[in-house]
Amino acid sequence: MFESSGRIVALGTLASLLLSATARAADPLNSNNRLSDDQPSSSPQDANDKNDDAPHTDFNIVPVAGGSTDLGIGGGFFAGLVRNQKNQDPFLWNIDSSGLITFKYSARAGLTSPYQDIYVRLTIPRLFGAPLRLEVRPSYTFEDTYYYGLGNASSSAAPANSPSGYFSFQRAHPQLDVEIRGRIIDHFAVHTGFRFTHNAISADGNSKLVQDARSGSAEVRHLLGEIQSSSVALLKYGVQWDTRDNEISSHSGMYDTLDLKLSPGPTEMFPYRYGQATLNLRAFVPLSKPKFTLAVRVVGDVLFGNAPFFELARFDDTSAIGGTKGVRGVPAQRYYGKVKTFANIELRAELFTFHAFHKNIVFAFVPFFDGGRLWADTKAEPELDGRSFGLKYGAGGGVHLQSGSAFVISADLAWSPDATPISGYFSAGQMF
């Protein structure tokens, strides 16, 4: 099966994506984050204007196609409007946008559109001329997603005579994110911001989700809460330590973050009062720079308080134990719980370079192993989590194509005991 994360995952033609890529040069938060020697300018127009100090604007838009067996097949776009000036890396400001809509046909439901996603993002790396990075990102997503039960021991086997879509529900969520990152010292930064999300939830009365919320055990009903449409306001705080040599595709350094999100409810408009703490540790070890890099990530995520049920499957706005950005091989949204931990190990082997579309393209083979576990609640619930070690894992490999320091396309295949029988992932960028 082919999975996608909660954020847009799409592929256009290789030529279009590589020609539209915008590189990320040294930034005011991390002086190590620089262009490589073979990518001296931040865009094709920069190469022509590199001796011109005047600001100039570059615009790119490309069609894309993508999807999965769950989400269907569809198309959309990537677009970017960037304001450049010499000696102002990575740019003065940037507006990027992406959209994808998919369609799927089945004998029972006919033609449907199970996934729609669009966002626009404004990025200013030096707000008021200071080392303050501002990002403003409005977005809208509709997804037909899944709930198989709570805990590490939940089963994906449907009961006899269960209706079509027994494990599915629908969530539409317009969202606004505003975030500011500021440097304390080189490589060390703090950030703060807020998020507003309205969640429109739709689930069939005979679905697994509604049945558990109505007639599950007392603990299950408590964790799921009301299956209803609602709004969530989050205050976001965090710190980061970033010594990577490149933000898009790292060959050395570390990128460690500790993030805290707090919802100050309950009120009539914002019924949820909860918090989420996420520790994300990443290390990039050059075994033979730049050809071979060992990339390792360890993640721990804890929800506390009365969280919306769909957050139990996620970390950092994407699926945790499963999916493109979590444990590959395990289907996205497969496991739900308040406490999650997992790790990823990749060997990024850059085997050879070839020239195409007026750019140097690096071909890399990336074997990987992902593994993790979750717990339904912050206290022991063996009926939901099981009494064994219960590791969920996936192993596989992928082909990555990289354009200088600017852009990476990844195509991965993963096997897992949870897969049926294998999972495939297409995405822009490295996993972490």
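Keep in mind that the numbers below use all heavy atoms, side chains included, and drop hydrogens, waters and symmetry copies.
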Separation between CD of Gln333 and OG1 of Thr145, rounded to the nearest 0.5 Å
3.5 Å

Minimum heavy-atom separation for Ala307 and Tyr272, please, with both atom names.
C-CD2, 4.0 Å

Counting only N and O atoms by type, is there a donor-acceptor contact under 3.5 Å from the side chain of Lys104 to the main-chain atoms of Gly110?
no

Using side-chain heavy atoms (C-beta onward) and a distance below 4.5 Å, is Leu150 in contact with Asp212?
no

If you look at every heavy atom in Ala419 and Gly329, which pair is closest and at what distance?
CB-O, 3.3 Å

Over 12 non-hydrogen atoms of neighbours within 6.0 angstrom of CD in Glu226
no

Give a yes or no answer on whether the side chain of Arg282 reaches the backbone of Tyr255 with a donor-acceptor pair at less than 3.5 Å.
yes

Can you list the steps and then say if Gln240 with Thr257 is a side-chain hydrogen bond (donor to acceptor under 3.5 Å, both in side chains)?
CA-CA 4 Å; Gln240 71 176 44; Thr257 58; over 6 Å; no

Test side chain to side chain contact (heavy atoms under 4.5 Å, CB included) on Leu100 and Tyr115 and set out the steps.
CA-CA 8 Å; Leu100 178 70; Tyr115 186 79; 4.1 Å; yes

Tell me the closest heavy-atom pair linking Ala213 and Gly225, and the distance in Å.
CB-O, 4.2 Å

Taking the basic N atoms (NZ, or NE/NH1/NH2) and the acidic carboxylate oxygens, is any pair closer than 4.0 Å for Arg348 and Glu350?
no

Is the closest side-chain heavy-atom distance between Tyr336 and Leu374 below 4.5 Å?
no

Nearest heavy-atom approach of Ser113 to Gln116 is OG-NE2, 3.2 Å

From Met431 CE over to Thr324 OG1, what is the distance, rounded to the nearest 0.5 angstrom?
8.0 Å

Grab the two heavy atoms, one from Lys236 and one from Val178, that are nearest each other, plus how far apart they are.
CE-O, 4.4 Å

Donor-acceptor pair, side chain of Lys392 and main chain of Asn152, under 3.5 angstrom:
yes

Exam field: side chain Asp245 to backbone Asn32, donor-acceptor pair closer than 3.5 Å
no

Is it true that Glu311 and Lys261 have a side-chain N and a carboxylate O under 4.0 angstrom from each other?
no

Roughly how far, to the nearest 0.5 Å, is the CG atom of Asp177 from the OG atom of Ser139?
6.5 Å

Are any of the side-chain heavy atoms of Leu29 and Arg181 separated by less than 4.5 Å?
yes

Taking the six-membered ring for Trp and the full ring for Phe, Tyr or His, determine whether the centres of Phe342 and Phe315 are under 6.0 Å apart.
yes

Please report the C-alpha distance between Asp117 and Phe142 in whole Å, then the side-chain angles of each, then the deciding distance to 0.1 Å, and finally whether the side chain to side chain contact (heavy atoms under 4.5 Å, CB included) criterion is met.
CA-CA 6 Å; Asp117 182 272; Phe142 169 86; over 6 Å; no

Side chain of Ser252, backbone of Val285: donor and acceptor closer than 3.5 Å?
no

Quickly, which of Val190, Leu260, Asp259, Asp256 forms a side chain to side chain contact (heavy atoms under 4.5 Å, CB included) with Val239? Name it, please.
Val190

Does any N or O in the side chain of Asp242 come within less than 3.5 Å of the main-chain N or O of Arg244, such that one atom is a donor and the other an acceptor?
yes

Relative to Tyr425, does Arg328 satisfy both conditions: NZ or CZ under 6.0 angstrom from the six-membered ring centre, and within 45 degrees of the ring's axis?
no

Heavy-atom side-chain contact between Phe270 and Val232 under 4.5 Å:
no

Does Tyr393 reach the side chain of Trp415, with side-chain heavy atoms less than 4.5 Å apart?
yes

For Ser423 and Leu413, run side chain to side chain contact (heavy atoms under 4.5 Å, CB included): C-alpha distance rounded to whole Å, both residues' side-chain angles, the deciding distance at 0.1 Å, then the answer.
CA-CA 6 Å; Ser423 298; Leu413 292 176; over 6 Å; no

Verdict with supporting geometry, Arg273 and Ser263, side chain to side chain contact (heavy atoms under 4.5 Å, CB included)
CA-CA 5 Å; Arg273 182 180 179 87; Ser263 174; 5.6 Å; no

I need the Tyr274 OH to Leu303 CG distance, nearest 0.5 Å.
7.0 Å

Strictly below 4.0 Å, N to O, side chains only: are Arg221 and Glu219 in salt-bridge contact?
no

Is the side chain of Asn199 donor-acceptor paired with the backbone N or O of Ser229 at a distance under 3.5 Å, no angle test?
no

Could you check whether any side-chain N or O of Ser231 sits under 3.5 Å from a backbone N or O of Phe196, counting only pairs where one atom can act as donor and the other as acceptor?
no

Are any non-hydrogen side-chain atoms of Phe91 and Asp58 less than 4.5 angstrom apart?
no

Taking the basic N atoms (NZ, or NE/NH1/NH2) and the acidic carboxylate oxygens, is any pair closer than 4.0 Å for Asp317 and Lys325?
no

Taking atom types as modelled and ignoring hydrogens, do the side chains of Asp412 and His400 form a donor-acceptor contact shorter than 3.5 angstrom?
yes

If you measure from CD1 on Ile227 to CD on Gln211, what distance do you get to the nearest 0.5 Å?
12.5 Å

Would you name the heavy atoms of Ile124 and Leu92 that are closest together and state the gap between them?
CG2-O, 4.0 Å

Under a 4.5 Å cut-off applied to non-hydrogen side-chain atoms, are Val399 and Phe363 in contact?
yes

Within a strict 4.5 Å, meaning less than it, do heavy atoms of the Tyr166 and Leu209 side chains meet?
no

Using the ring of Tyr148 (Phe, Tyr or Trp, six-membered ring only), decide whether Arg334 places NZ or CZ under 6.0 Å from its centre and within 45 degrees of its axis.
yes

Look up atom OG in Ser168 and atom CD in Glu143, then write down how far apart they are to the nearest 0.5 Å.
12.0 Å

Backbone N or O of Tyr119 within a donor-acceptor pair of the Ser97 side chain at under 3.5 Å?
yes

Side chain Asn344, main chain Gly326, donor-acceptor under 3.5 Å:
yes

Can you name the residues that form a ring-ring contact (aromatic ring centres under 6.0 Å, His included) with Phe309, not counting sequence neighbours?
Phe169

